[in-house]
There are 2 protein chains.
Amino acid sequence: MLDAAIELFGEQGFDKTTAGDIAARAGVTERTFFRHFADKREVLFSGPGSLDEMVAKGVAAADEDASPLQMVIAGVRQAAVELVAVRTREQAADRVRIVEATPALRERELLKMATMTAAAQAALVERGVGEPTAGLAAHSAAAVFQTAFTRWVSGDTDLGLPECVDEAAAALRDLY
Amino acid sequence: MLDAAIELFGEQGFDKTTAGDIAARAGVTERTFFRHFADKREVLFSGPGSLDEMVAKGVAAADEDASPLQMVIAGVRQAAVELVAVRTREQAADRVRIVEATPALRERELLKMATMTAAAQAALVERGVGEPTAGLAAHSAAAVFQTAFTRWVSGDTDLGLPECVDEAAAALRDLY
DNA sequence: TCCTCCGATGTCAGTGACTGACATCGACGG
DNA sequence: CCGTCGATGTCAGTCACTGACATCGGAGGA
């Protein structure tokens with residue numbers, strides 16, 4: 001079903017593909033499609049294991065005497081490690097191509113990213129960081145992740161995703 | 001039309017309000033509604049003067065020998081100044097209440113924010129900042145703006161929006 | 001003054017995303 | 001062999017949005 005969706009989106013684009021098309025290729029009914037996914041876009045965002053949990057785990061496991069920023073960055077690095085275990089760069093690139101081509105999908109991606117940011121913030125607060133600081137740090141970490149992911153997918157580098165995170169984190173430090 | 005929409009969303013919520021309802025209260029047809037707004041959500045995001053332009057203007061006007069981060073923050077501060085000239089805190093709070101209550105609207109808001117971030121990044125690049133640095137700085141500035149805006153709207157402070165931006169910018173510096 | 005043109009609006013029919021209610025069917029325990 | 005239950009199919013309906021075409025009122029020229 002997920003495969004059917006990715007195929008069709010790749011072939012004819014997201015907008016030209018109806019929910020019925022996807023269901024048909026997957027051998028089910030449109031109705032069952034909507035029982036599995038809240039809406040048509042969600043097909044592309046419902047892999048196993050959410051970014052949220054990965055990041056939260058990473059933050060929780062971060063070094064005791066690290067700064068808030070170091071803790072969240074450890075969190076997104078952890079997420080990066082777990083992510084490459086599930087998806088190849090090739091798959092990620094295909095997915096990115098589809099998402100970038102459709103505003104509606106970009107929107108959904110931003111929502112997922114915001115959810116991850118909120119999870120990171122909550123995890124920081126859990127570890128005793130103040131609210132405003134946690135929010136700022138979480139957003140910074142999200143920026144690092146996004147920068148790293150974009151670079152990784154672009155193919156301009158041979159680095160793995162976690163190494164790209166390290167690189168982006170270093171660039172962030174240089175902002176000051 | 002915009003007023004009709006805000007009223008109805010406040011009264012019965014976004015989901016329970018059809019595009020036809022809004023049009024009817026505004027004394028026009030549903031079809032005309034969709035000629036003015038790309039979709040139902042867009043009503044809440046199509047005020048006069050976009051954040052993008054304000055930020056870009058602010059970045060362009062920033063001090064010559066400022067750091068990239070200082071430039072973008074000047075940009076969002078400029079946007080803050082122009083924004084309070086158009087909307088009262090009360091109006092902003094009403095709008096926030098509606099948006100927060102509806103995932104679909106949160107999504108759209110995130111898209112607008114991302115657009116602003118992209119504009120900020122482009123403005124930085126325009127002033128000679130390197131791509132990755134510009135991206136990170138723009139995201140940081142977006143985080144500052146969001147933090148400031150949230151605080152301003154919350155009513156926990158008597159500060160104006162621009163002053164909240166200053167406050168958040170100071171908190172960002174303290175991350176290091 | 002009348003005609004013409006044009007932008008804004010109304011009308012209508014159609015597509016597609018999603019939802020609720022109900023029927024069906026196959027596995028599984030009793 | 002029967003009852004139950006979760007997953008699926010069926011069907012009808014609502015609503016967001018779109019394209020094609022008709023209408024209408026005002027600005028400007030003959």
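Chain naming here is simple, since letters A, B, ... match the order of the sequence lines and numbering starts at 1 in each.
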Q: Please pick, from D:dC17, D:dT18, C:dC18, the nucleotide with the shortest atom-to-atom distance to any side-chain atom of B:Asp39.
A: D:dC17
Q: Give the rounded distance in Å between these two atoms: NZ of B:Lys16 and C1' of D:dT14.
A: 12 Å
Q: If you assign each of B:Thr17 and A:Glu30 to its closest nucleotide in DNA chain D, which residue comes earlier from the 5' end?
A: A:Glu30
Q: Looking only at side-chain atoms of B:Thr29, point me to the closest of C:dA17, D:dC17, C:dG10.
A: C:dG10
Q: Pairs under 3.5 angstrom, nitrogen or oxygen only, protein versus nucleotides 22-27 of chain C, please.
A:
none

Q: In whole angstrom, give the distance that lies between atom CG of B:Asp15 and atom P of D:dA16.
A: 10 Å
Q: Within a strict 4.5 Å, meaning less than it, do heavy atoms of the B:Phe33 and B:Ile22 side chains meet?
A: yes
Q: Does the pair A:Lys16/A:Glu11 count as a salt bridge with the N-to-O cut at 4.0 Å?
A: no
Q: Check whether any side-chain heavy atom of B:Met1 lies under 4.5 Å from a side-chain heavy atom of B:Val43, and answer yes or no.
A: no
Q: Tell me, yes or no, whether the heavy-atom count around A:Arg106 atom CZ, taken from other residues, nucleotides or ligands under 6.0 Å, exceeds 12.
A: no
Q: Heavy-atom count around A:Glu126 CD within 6.0 Å, excluding the residue itself: above 12?
A: no
Q: In whole angstrom, give the distance that lies between atom CG of A:Leu8 and atom P of C:dG16.
A: 14 Å
Q: Quick one: bend of the helix from C:dT1-D:dA30 to C:dG30-D:dC1 from 5 pairs per end, to 10°?
A: 0°
Q: Any idea how A:Phe149 and A:Phe145 line up, ring-wise: parallel (<30°), tilted (30 to 60°), or perpendicular (>60°)?
A: parallel
Q: Look at the side chain of A:Lys40 and decide which nucleotide, out of C:dC18, C:dG10, D:dT8, has an atom nearest to it.
A: C:dC18
Q: Could you go through B:Glu109 and B:Arg95, starting from their C-alpha distance and side-chain angles, then the distance that decides it, and tell me whether this counts as salt bridge (charged side-chain N to carboxylate O under 4.0 Å, His left out)?
A: CA-CA 11 Å; B:Glu109 177 131 286; B:Arg95 199 177 145 290; 3.3 Å; yes
Q: Closest to the A:Arg31 side chain: C:dT19, C:dT11, C:dA17?
A: C:dT19
Q: Give the C-alpha distance, both sets of side-chain angles, the deciding distance and a yes or no for salt bridge (charged side-chain N to carboxylate O under 4.0 Å, His left out) between B:Arg87 and B:Glu82.
A: CA-CA 9 Å; B:Arg87 255 185 249 278; B:Glu82 296 194 27; over 6 Å; no
Q: Nearest whole angstrom, please: distance from the P of D:dC17 to the NE2 of B:His36.
A: 16 Å
